[in-house]
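Residue numbering restarts at 1 for every chain, and letters A, B, ... go by the order of the sequence lines. Quantities reported herein were computed from a predicted structural model and do not represent experimental measurements. We use all heavy atoms of the structure for the numbers below, so side chains are in, but hydrogens, waters and symmetry mates are not.
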Amino acid sequence: MAGFNKVVHSYAEAMAGLENNMTIIAGGFGLCGIPEGLIAQIKTMGTTGLTVVSNNCGVDGFGLGLLLEQKQIKKMISSYVGENALFEQQLLNGELEVELTPQGTLAEKMRAGGAGIPAFYTATGYGTPVSEGKEVREFNGRPYIMEESITGDFAIVKAWKADRYGNCVYRHTAQNFNPMAATAGKITVLEVEELVEPGELSPSQIHTPGIYVDRVIVGQFEKRIERKVLSSSL
Amino acid sequence: MAGFNKVVHSYAEAMAGLENNMTIIAGGFGLCGIPEGLIAQIKTMGTTGLTVVSNNCGVDGFGLGLLLEQKQIKKMISSYVGENALFEQQLLNGELEVELTPQGTLAEKMRAGGAGIPAFYTATGYGTPVSEGKEVREFNGRPYIMEESITGDFAIVKAWKADRYGNCVYRHTAQNFNPMAATAGKITVLEVEELVEPGELSPSQIHTPGIYVDRVIVGQFEKRIERKVLSSSL
Amino acid sequence: MALNREQIAKRVAQEFCDGDYINLGIGIPTLAANYVPKGIEVMLQSENGLLGMGAYPTEEQVDADMINAGKETVTAATGASIFSSAESFAMIRGGHVDLTVLGAFEVDSQGNIASWMIPGKLIKGMGGAMDLVAGARNIIVTMTHADKHGNSKLLEACTLPLTGVNCINRIITDLAVLEVKDGAFHLLERAPGVSVEEIVSKTAGKLIVKETTPEMQV
Amino acid sequence: MALNREQIAKRVAQEFCDGDYINLGIGIPTLAANYVPKGIEVMLQSENGLLGMGAYPTEEQVDADMINAGKETVTAATGASIFSSAESFAMIRGGHVDLTVLGAFEVDSQGNIASWMIPGKLIKGMGGAMDLVAGARNIIVTMTHADKHGNSKLLEACTLPLTGVNCINRIITDLAVLEVKDGAFHLLERAPGVSVEEIVSKTAGKLIVKETTPEMQV
């Protein structure tokens, strides 16, 4: 009855099968809700030529920024570069290929990838550099551009609590891109704070059903804060 | 500070503004999770020429079936006719226009309508009567058809608990089409079992954020069961 | 002898693998849930928004808000999740469901299936069937091999409006188990006591028969 | 005299209506949250997945899992909801957010906006800005009227890569409030003590001025 026990006990097992030149979809927004241990494992493995799909690329010295430092990333698909000096520098130098994608389009591309929708139309980016080379089409008199979906060889996802089936919930705004990433990986790996018994999570309150999840590992998280602003700082 | 108090106290207020020939998107699957009181109000109002978007059309004598009896419906957009004699009869007689739509495509059309996506591609229905007149396009060597989104003048939605902001949760499988319907109405009306204080619903566990909701009414529900099957009936 | 419904369901259940996520259509497919082989665990998906469908309820457990895609009262199994129809079909259409088993009026040797209407006579609607046949990784059809007039339901080309094209991998009937590939039906097993000749005579589409055809174990 | 950041934020807040769902960009727009007019209630949407953004936390409330789109620690207000990025942008792109306020490098008299890159010099990325300007019902830009060299940021046509086209309704600068329509900027209000002549001299795009231009109340 091992069919639904997706728990693995080492990061090596969690990322087994990752090879050079693969595409990885990563959850997280800034440093919030990022699979810290899985990223560290990719650094350890030294895999190169990676395409990474993630809203941001961590910061210098933390999160996906670690993989930039090691030049393991060939291409980033992201919406935001700001506040990440190495990212901006590698981009301006042409060392790193970057496909800047509007944040909502990026989220929708991941969702579509997971949902079997190869392409959709959106008004976002029409008339801007984002629309270059893309089909423009009018619906009800308004122009939209066609965007294609994204899937990855791996999806790396950070959740709060999960059971052995891979059912999970996210904590507060650490949800962000994680649910969509979870649906869009050929192999989806969940790094969680806490493993719970099946049945502990209320069925109607599960954010990501286990069907999308292949492996679950319990991690340790530093949870670095990018901008600590206090009510008294105003 | 009435800005976010969406609670209304009569069904007349709840459906105010509904006119002949409007389009209504209705949540529910079979008789599960249907806004019983809002449907009854539409019957009372006698509005005609309606286009109703709903997976099913109730049953004879209950749910949306009530509106079929009164010939208030001009057109149904649904995935399933079976087990509803009047629906099938009006369809075969040509009295009722019916756009049969695959269930998943119907759900996605509502979601897309609410999400500002005018059209998307899906493999569902390719090569069948559903694809007639629709654009066919290949992605990665597989043919897909283009489906356009759906929005309604009204969305009528059944939820379990809601607060005055319109934040709500659905109970068990009474969720079904309700969350998508909620996003796709110009005016979205929520009929709920229970009104709770703001803050009672955990922010991360809200199924439909109040931003989609215009009116909330507390209803009484019969919750008729279509097929009561017991473990002993096997 | 031709299998009865329970026997077809038993044979269907032999196709289940440990860890499979499975969507079972109304009728015979649903019965297969009673015959999951010992030692394996599967999760049943119901397209109205339930993954991990449990047993039918006791009288005390009956809840109008807890139904399956056949509108029957059900319970949730341990490890179940409940979600919207959009999420449910994202799962199905995104290829996350391992196996779909559904009924049909007709199947043909191209793997096409017709299951939702008979023009002028009957319109059930496609429900989730078109999504399921377009999305699941593996699709099995269960039905009687021939209709009540003895006409084959395994055709060279379907005559009724289609539910999906080139999508059926396997067919389990009251007479046989067949694979669909390369434009033909391939006979894999026959029902106990049913002759290859009978199957040949009741299969209108191109049928490939090997030298020996084992009997089903049901 | 030209308004300072706080004053611009105050004037922005006067645009808020009771019951509005509002997305405020990083910088001056965010400050406007401190000046919501008395007697009205608005809900702030943060595109990383929070509707009902509350105050900044106390030291005890700080939680790394609770941030806004500017990656600042925040709290949730009563009535808040938290959701995925896809849901957040479904909200934004589906036209459910009443008002978006954001900064810009340039705006032009066609309502175009440029805010995310300066070729060869600076690439911030568009983040959610392209979605916001394509989706919100009403869009206000806040910025200084001219850059530090005195060059107008209100142009006949933007020179930088665009964020969106024909989407800006209103501009609130340190010097003026302007409406964008029919291919021109329309001067609605001027900062206290700022002359119409100064505004004219610092507006490169076509500017329509009425006989009298009232001063802002800030």
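- Aromatic ring orientation, C:Tyr21 versus A:Phe4: perpendicular (interplanar angle above 60°, classes split at 30° and 60°).
- Of all the listed residues (A:Ile211, A:Ile206, A:Ile117), the one sharing the greatest number of non-hydrogen pairs under 4.5 Å with chain C is A:Ile211.
- C:Ala86 touches chain A through backbone and side chain together, each having a heavy atom under 4.5 Å away.
- Only the backbone of C:Asp20 has a heavy atom closer than 4.5 Å to any heavy atom of chain A.
- Geometrically, A:Arg142 does not engage A:Phe139 in a cation-pi contact defined by less than 6.0 Å to the ring centre and at most 45° from the axis.
- Neither the backbone nor the side chain of C:Gln45 comes within contact range of chain A; no heavy atom of the residue lies under 4.5 Å from a heavy atom of that chain.
- No option in A:Lys161, A:Arg171, A:Gln220, A:Lys223 other than A:Lys223 meets the side-chain hydrogen bond (donor to acceptor under 3.5 Å, both in side chains) test with A:Glu193.
- Cation-pi check for A:Lys158 over A:Phe221 is met; the charged atom lies under 6.0 angstrom from the ring centroid and within 45 degrees of its normal.
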